[in-house]
Amino acid sequence: MNAISFVHEQLTAKKEYPKFKAGDNITVNYKIVEGNKERIQSFKGDVVKIQGVGFTASFTVRKISDGIGVERVFPMYSPNIDSIVLHKVGKVRRARLFYLRDRQGKAARIKEKRV
């Protein structure tokens, strides 16, 4: 098992992303293929959770679009992720923010950690 993971790491190049955690506000620039055209789409929202280890890691980003909550799961080391931009560092006390699903408006805001 260790040899398989070593070979997998050698064959796939890891991209460097900023360190982020649950509660942070990020923008994920994701490559989308439509027919034979390729474009980059931005998805800006709060990180709800990070799960998995190594190349199976993924993270979930939640945003409010026209009053409706939209969540999207991104594989951490997907070749389709162009870049990740960190906007705000959130001040939260837990790793999974599922309580945001039940809240809307001001109650759904996350305080920013002042550095």
Nearest heavy-atom approach of Val47 to Phe20 is CG2-CD1, 3.9 Å
Minimum heavy-atom distance between Ile81 and Met76, given as atom pair plus value
CD1-O, 4.1 Å
Should Leu97 and Val61 be counted in the same cluster of Ile, Leu, Val, Met, Phe, Trp and Tyr side chains packed under 4.5 Å apart?
no
Given the rule in the side-chain contact (heavy atoms from CB on, under 4.5 Å) test, do Ile110 and Leu100 qualify, once you have shown the distances and angles that lead to the verdict?
CA-CA 9 Å; Ile110 297 173; Leu100 291 177; 3.9 Å; yes
Cluster link Val89 to Ile50, ILVMFWY, side chain under 4.5 Å
yes
State, to 0.1 Å, how close Asn29 and Ser42 come at their nearest heavy-atom pair, and which atoms those are.
OD1-OG, 2.7 Å
Tell me, yes or no, whether the heavy-atom count around Gln51 atom CD, taken from other residues, nucleotides or ligands under 6.0 Å, exceeds 12.
yes
Can you label the angle between the Phe55 ring and the Tyr77 ring as parallel, tilted or perpendicular, going by 30° and 60°?
tilted
Can you tell me how far the CD1 atom of Ile26 sits from the NZ atom of Lys44, to the nearest 0.5 Å?
11.0 Å
Distance-only, no hydrogens or angles: does the Ser78 side chain make a donor-acceptor pair with backbone N or O of Pro75 under 3.5 Å?
no
Please determine whether a side-chain nitrogen of the Lys or Arg among Glu34 and Arg39 lies less than 4.0 Å from a carboxylate oxygen of the Asp or Glu.
yes
Quick one: do Ile32 and Ile40 satisfy side-chain contact (heavy atoms from CB on, under 4.5 Å)? Show the steps, please.
CA-CA 6 Å; Ile32 293 182; Ile40 295 178; over 6 Å; no
Arg109 and Arg103: side-chain contact (heavy atoms from CB on, under 4.5 Å), yes or no, with the steps?
CA-CA 9 Å; Arg109 287 187 301 182; Arg103 298 185 181 189; over 6 Å; no
Smallest heavy-atom separation, Lys31 atom then Asp82 atom, equals CE-OD1, 4.0 Å
Carboxylate-amine/guanidinium contact Glu71 Lys63, below 4.0 Å
no
Lys113 atom NZ, over 12 foreign heavy atoms within 6.0 Å
no
Might you point out which heavy atoms bring Leu86 and Asp24 nearest each other, and give the distance in Å?
CD1-CB, 3.8 Å
Show your working on side-chain contact (heavy atoms from CB on, under 4.5 Å) between Phe59 and Val48 and close with a plain yes or no.
CA-CA 8 Å; Phe59 59 97; Val48 174; over 6 Å; no
Smallest heavy-atom separation, Val70 atom then Ser65 atom, equals CG2-CB, 4.1 Å
Counting N and O atoms only, with roles assigned by atom type, does the side chain of Lys49 sit under 3.5 Å from a partner on the main chain of Ser58, one being a donor and the other an acceptor?
no
Are Phe74 and Tyr30 an aromatic pair by the rule of ring centers under 6.0 Å?
yes
